[in-house]
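Before any comments, here is the structure.
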Protein chains: 2
Amino acid sequence: MIRVVVADDERLVRLGLRAILDAEPDLTVVGEAANGAEVVSLVRELRPDVVLMDVRMPQIDGIRATEQLTTTLDPAPRVLVVTTFENDDYVYEALRAGAAGFLLKRARAEEMVQAVRLVAHGDSLLFPNAIRQLAAGRRAPASAPSPTDRLTEREGQVLRLMAAGLTNGEIAERLVVSPETVKTHVGSVLAKLGARDRTQAVITAYESGFVQPG
Amino acid sequence: MIRVVVADDERLVRLGLRAILDAEPDLTVVGEAANGAEVVSLVRELRPDVVLMDVRMPQIDGIRATEQLTTTLDPAPRVLVVTTFENDDYVYEALRAGAAGFLLKRARAEEMVQAVRLVAHGDSLLFPNAIRQLAAGRRAPASAPSPTDRLTEREGQVLRLMAAGLTNGEIAERLVVSPETVKTHVGSVLAKLGARDRTQAVITAYESGFVQPG
DNA sequence: AACCGGCTCCCCCTGGCGGGGGAACTGGTC
DNA sequence: GACCAGTTCCCCCGCCAGGGGGAGCCGGTT
């Protein structure tokens, strides 16, 4: 069970996020905070796996709160910065502060859920699809790390075969290893991509451009 | 078990197709023919589900053989015309003759297998991806029917939710029906798309453009 | 030498998935 | 009225998928 704390000064936003996350069987919102000071003490108390952190908040802003949490807690919670993406600067400041990634408020519920799973399971620094696309639309900043980047060579091979529609047994034959080994690799792929099953993994493979239609 | 007859005047081509098809647990090549006369009598005798028919063959060409089979047998076998696609005319002649679809010799094994399952399960007139793309590259002929076209409205909704990574139970909640109903729709989608499982169905959804990345 | 990441294989176990049936109701067509 | 396609729901069943462990081997790093 992935435990989440939601921090946003707007009650409606907190409600919306809670509705989306609590609908998932493997996610639970254990607490809400309305400002930066509140979230810091709440997270110290509840020790959630993931914090959804709004940038603009009273008292202590999201960036400073993120910095406090990631530098003073061990293990540090994974912080997802919730943003409307009006301002580029937030991105780099948030990363410096130790944020694990970003969440666009206008993103689809599925994307949000997957992003939460992603940072909870893996430890990757990620730009969710929507952010990547917006960023690419303006000017490519540094490069756009995809969750598929963290896959090992073998895991990448396995994902490609998953995206070709093969079963574990067929992948095993193709790679000339045992089905158990394939299961191990598939498990690693699912964890690194934040996917619940092979179908979601294949979807991520398409959405991230790891494989292309046609 | 889908029973297939392979008709091609080149022995190597027959061997290659047999190797690809017999590797699938649900497919079996029950006979081979080297010319048009042979395939007609062989199919009358064996009554396979699917015939892979080369266009250029001695004695009776693939088109004429297709016409004889589809007009004189009941139930008629599903004929997939195997082609290298040098000549546009074959396409329309084959369709008039009752062919169920086309198979590019240079297509990947997975595409071939899926095409066979597709015509065996469904009864749709289909252009495999490779053909569709080549055709679109020249000039769009009439329109390019996709296997997703035959889905009912409800099945299309279900496929879209499958392609969003939802489980049957989650789809049931979203559509406010029972999980059993979703299972029925999913089963129909798999049959119509020639997919073995939901992962392959989602792949087809992306490959056919039914859903787009991004 | 000790360590770690990547790859390999094994166990047990649960649950969702998919195939096989069947059956009822709707609305539209013949 | 008979028929059919589409949608809905139900049964049983086997299988693969995915999570939980653990463990050994290799190669490069510290």
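No experiment lies behind these values; they were computed from the predicted model shown. In what follows, every chain begins at residue 1, and chains take the letters A, B, ... in the order their sequences are listed.
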Check your understanding: Would you say the side-chain atoms of B:Glu67 pair up with the backbone N or O of B:Arg64, donor to acceptor, closer than 3.5 Å?
Key -> no
Check your understanding: For the pair made of CD in A:Gln157 and P in C:dT8, what is the distance, rounded to whole Å?
Key -> 8 Å
Pairs under 3.5 angstrom, nitrogen or oxygen only, protein versus nucleotides 18-21 of chain C, please.
residue	atom	partner	partner atom	Å
C:dG18	OP1	B:Arg198	N	2.4
C:dG18	OP2	B:Arg198	NH1	2.9
C:dG18	N7	B:Lys183	NZ	3.0
C:dG18	O6	B:Lys183	NZ	2.6
C:dG19	O6	B:Lys183	NZ	3.3

Contacts under 3.5 Å, N or O only, protein and nucleotides 3-7 of chain C:
residue	atom	partner	partner atom	Å
C:dC7	OP1	A:Arg154	N	3.2
C:dC7	OP2	A:Thr152	OG1	2.4

Practice item. At the 4.0 Å heavy-atom cut-off to chain A, mark where contacts on DNA chain D begin and end, going 5' to 3'. Key: D:dA17 to D:dG19
Review point. Do the side chain of B:Glu170 and the main chain of B:Thr167 share a donor and acceptor less than 3.5 angstrom apart?
Key: yes
Check your understanding: Backbone N or O of A:Val177 within a donor-acceptor pair of the A:Thr181 side chain at under 3.5 Å?
Key -> no
Check your understanding: Can you tell me if A:Asp49 uses its side chain to pair, donor with acceptor, with the backbone of A:Arg3 under 3.5 Å?
Key -> yes
Tabulate atom names and distances for all N/O pairs under 3.5 angstrom spanning the protein and nucleotides 24-30 of chain C.
none

Point to revise | Donor-acceptor contact below 3.5 Å, side chain A:Arg196 vs main chain B:Gly165 | key: yes
**Study point:** Closest non-hydrogen atom pair between A:Ala201 and A:Met162, with its separation
**Key:** CB-CE, 3.9 Å
Exercise for review: Would you name the heavy atoms of B:Ile171 and B:Val158 that are closest together and state the gap between them?
Suggested key: CD1-O, 4.1 Å
Study note, to complete from the structure: Closest non-hydrogen atoms of B:Arg18 and B:Glu32, given as atom of the first, atom of the second and distance, are NE-OE2, 2.6 Å
Check your understanding: Which residues pass the side chain to side chain donor-acceptor pair (under 3.5 Å) test with B:Gln157, sequence neighbours left out?
Key -> B:Arg154
Exercise for review: Please confirm whether the backbone N or O of B:Val50 pairs with a side-chain atom of B:Arg78, one donor and one acceptor, at under 3.5 Å?
Suggested key: no
Review point. For the helix from C:dA1-D:dT30 to C:dC30-D:dG1, how many degrees between its two end axes (five pairs per end), to the nearest 10°?
Key: 30°
Point to revise | Note, A:Val29 side chain near A:Val5 side chain (heavy atom, < 4.5 Å) | key: no
Check your understanding: Taking atom types as modelled, is there a side-chain donor on B:Tyr206 or A:Glu207 under 3.5 Å from an acceptor on the other?
Key -> yes
Practice item. Indicate yes or no: at least one non-hydrogen side-chain atom of A:Asn168 is less than 4.5 angstrom from one of A:Val186. Key: yes
Review point. Checking A:Asp197 side chain against A:Gln200 main chain: does a donor-acceptor pair fall under 3.5 Å?
Key: yes
**Study point:** Check: A:Gln212 side chain, A:Gly209 main-chain N or O, donor-acceptor pair, under 3.5 Å
**Key:** yes
